[in-house]
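Keep in mind the model is a prediction, meaning the values are calculated, not measured. In this chain, numbering begins with 1 at the start of the sequence shown.
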Amino acid sequence: MKFFRLPSTGIFTFLFPAAILLKIFPLSFCTRAERRRTNDSIPFAYKLQLMDLESDDLFRDEDDEENSNFSQDKEATKEFVVYMIDAGRDMFLQIKEEDDEKKRPHFSTVVKCILESLKTRIINSDNDEVAICFFNTREKRNLQESEGVYVFNVREGEDLDRPTARLIKDFSHVEDNFENEIGSQSGIIPGSRENPLYSALWVAQGLLRKGSTRNVDKRILLFTNNDDPFGSADPGVKADMRRTTIQRAKDAQDLGISIELFPLSRLGEEFNISIFYADMLEFENEELTQFMPTVAEKFEDLTNQLRKKIYKKRVVRKITLMVADGMSIGLSTYALIRPALTGKITWLDSVTNKPLKLERSYICADTGALVTEPLKRFQTYQNEKIKFSLDELSEIKKVTSVPLRLLGFKPLHCLKDYHNIRPATFLYPSDEEISGSTCAFIALYRAMLRFQKYGVAFYGNTRSPQLVALLPQEEVTSSSGQIDPPGLHMIYLPYSDDIRRSEKLHMSMDGPVPRASKEQIDKATAMIKKLELREFSVYQISNPALQRHYAILQVLALDENEDLPETKDETMPDEESMQRPGIAKAVQEFKDVVYGSNYEFEVITNTKGDEASKKRKALTDVAVKEVGNYNWSKLAETQKLQNLTVVELKYYLTAHNLPLTGKKEVLINRILTHLER
């Protein structure tokens, strides 16, 4: 999202009152105890909502209130993608890879890339829909009946559908029977006016016909190693094909469909994008020079995508910021960071395998009748039950009619890192509720950046009313696009008792407290600087538990017989990098100056675990010895296992490595099952 450039009159109109408001005022945080003391003067009805306060969920998007407005539904998170693959004969030529003696054609590389992309897409965004389209083929299969275009799908009539395990399994074997079932041809046939590339763009546009571009991202990913698709055509026909294909691509882009090219170089030749595709994709000079160096990185990213759940930007809630009496700004809130969780469990019917729908019904405890009227809450007060409707409870919990009220401004240096005790909420203007909100927001936002201030506001949510800091963020862009959007971060400020001073630990009260010498501090500082991670980001580290979870799901869904792929735990220290001479020297110097050069570190072993294993082995040896004193087959036939004690029964279970849990009847049934009785 970007701000529009506004007329100067609109900016100066709102800069004046915003500048007047930028005044420093004293601010002190009240404690939670003080807040509780002030509750004594609050009416009884308001105390009820304080009694119902639940603990804050640190990663909660926002308050789940009835007036929450989700302006975008599930459709808004979708992405429609058509993988358009050149199936010309040149794509099947054997080429020698630089770092491998094994020969691998471009077609195999593209198939592998798309397979990995589909596997990742199921995890990243399972609402996406995809289609795979080959062009320059011998056979044809598409709704338009165009020659040289073959749409690969699993179910007839479902050309564009969500990626499934069946699609991945079928597409993984496409190379085995490609020549027999689909076939390949070498681009334009001399003397023919058939244009497979034009037809493929037309078919792809038809596949992406459903859904609105306002809430669906539509893309065509084009894979080819032919930089001159009309090279074999007659000159007159070639010019006409070139013109019509460029116009077809332009028409698709005008409809909101983006086309991304993934060029593959032939053996001994570099892909020359200037011959045709630069004109088709309307590249300018700067984009043309930067395209080829970055395309290899794009192809690698498409192949080696990290399995991570992608949450599309969506409005969590719409709130109103009151700047002054009679002046309010409509805002949309966004949750920029949230934890990645495994998919929810779906209960299925054991017979039909269809999802189960859970329903809850309330039955009157006195009459046993089904309760159909809306439920009411009550609170016992002076031995009487005071009933409340849901509307009354909602009104009781409402702290203020204005969710966000601006109080004033403070310098940026007053805001510390430790004030951010929970994930912040991102604020962006919205003109849906209040006209002119964007203009006023920009004036306030720019004034805060200019004067280096942050706003302090009262956030009157029903769960935990508190002060918040409105921190402006400048827009950050790069050659690849926007990195950080402009807007305000709403940081939830702590209460005074949430900030605790670190307590000093004195090892001995008798003698002087040991302190590090200047040399030790210098060596420790040098070691820390050597071990510091440059340009570190939390997005670089993947969750090893989630990665293993996804790997297990993939093996089960695709019926893969190979061993479970090893999951690399990136949270562990990089021991190989820590062995570099500079780091090793800094660590050794720190150890020598603190512990001495002759100090030997003891290796701590898990003695507790060793003792437990020894104890289990001893119990097993005793059980194996005792189990030989009984004729278990005869006891089972004569039904005399009931006469044995639980300890005696567990001798058999322990000796045969069977579970020991359960009552006596369960233990006997377990023994009979093992004896096949």
Side-chain angles (χ1 to χ4, degrees), residues 55 307 339-351 353 356 505 507-508 541-576 578-579 591 595 598-677:
S55 60
R307 288 175 178 151
L341 305 174
T342 58
K344 62 180 181 180
I345 298 175
T346 302
W347 296 98
L348 304 177
D349 185 86
S350 59
V351 179
N353 205 35
L356 295 177
L505 178 62
M507 299 179 62
S508 175
I541 306 299
S542 60
N543 188 333
L546 283 179
Q547 295 299 315
R548 181 171 177 80
H549 172 75
Y550 294 146
I552 294 174
L553 289 181
Q554 176 180 321
V555 171
L556 295 176
L558 301 180
D559 295 331
E560 296 177 348
N561 297 324
E562 57 187 23
D563 296 335
L564 188 67
E566 182 179 357
T567 303
K568 182 180 179 181
D569 190 352
E570 298 177 348
T571 62
M572 301 300 293
D574 188 358
E575 297 182 2
E576 183 178 353
M578 294 178 67
Q579 298 298 327
K591 290 163 60 177
Y595 300 100
N598 298 326
Y599 184 84
E600 295 183 0
F601 289 90
E602 298 181 0
V603 179
I604 301 176
T605 58
N606 188 4
T607 56
K608 188 175 181 180
D610 295 341
E611 292 177 359
S613 61
K614 291 180 180 179
K615 186 177 181 180
R616 286 194 299 269
K617 187 177 184 304
L619 292 176
T620 303
D621 294 341
V622 172
V624 171
K625 183 178 180 181
E626 293 292 336
V627 77
N629 299 330
Y630 303 89
N631 188 343
W632 297 96
S633 299
K634 186 176 180 181
L635 291 173
E637 291 177 358
T638 57
Q639 299 181 356
K640 291 184 178 180
L641 289 176
Q642 295 281 355
N643 300 334
L644 300 180
T645 63
V646 173
V647 176
E648 293 173 326
L649 294 174
K650 287 186 177 182
Y651 286 151
Y652 182 90
L653 298 174
T654 304
H656 293 86
N657 196 22
L658 297 174
L660 304 178
T661 57
K663 297 182 179 180
K664 186 175 182 179
E665 292 77 7
V666 176
L667 301 181
I668 293 174
N669 291 333
R670 196 171 292 151
I671 294 175
L672 293 175
T673 303
H674 187 263
L675 293 172
E676 298 180 356
R677 298 292 180 182

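Between P544 and T571, the closest side-chain pair of non-hydrogen atoms falls below 4.5 Å. Side-chain contact between L660 and T654: present, with at least one pair of heavy atoms (C-beta onward) separated by less than 4.5 Å. L672 has its side chain within reach of L641: a pair of non-hydrogen atoms, C-beta onward, lies under 4.5 Å apart. Residues E626 and N629 meet the side-chain proximity criterion, which asks for heavy atoms closer than 4.5 Å. Using a 4.5 Å heavy-atom cutoff, the side chains of R670 and T661 are in contact.
Partners of Y652 according to the ring-ring contact (aromatic ring centres under 6.0 Å, His included) rule, which considers only residues two or more places apart in sequence or in another chain, are W632, H656, H674. Shown here are the salt bridge (Lys or Arg N to Asp or Glu O under 4.0 Å) partners of D621, two or more places apart in sequence or in another chain: K617.
Within the model, atoms OH of Y651 and OG1 of T620 stand 12.5 Å from one another, a figure rounded to the nearest 0.5 Å. Atom CD1 in I552 sits 11.5 Å away from atom CD in Q554 (nearest 0.5 Å). Distance CG/L653 to CD1/I671: 4.5 Å, rounded to 0.5 Å. Residue I668 holds its CD1 atom at 3.5 Å from CD of Q642, rounded to the nearest 0.5 Å.
In summary, of the residues considered (L649, L644, T645), a side-chain contact (heavy atoms from CB on, under 4.5 Å) with K664 occurs for L649 alone.
Counting non-hydrogen atoms of other residues, nucleotides and ligands closer than 6.0 Å to CG of D349 gives a total above 12.
When all heavy atoms are compared, the tightest approach of A655 to V627 is CB-CG1, 4.2 Å.
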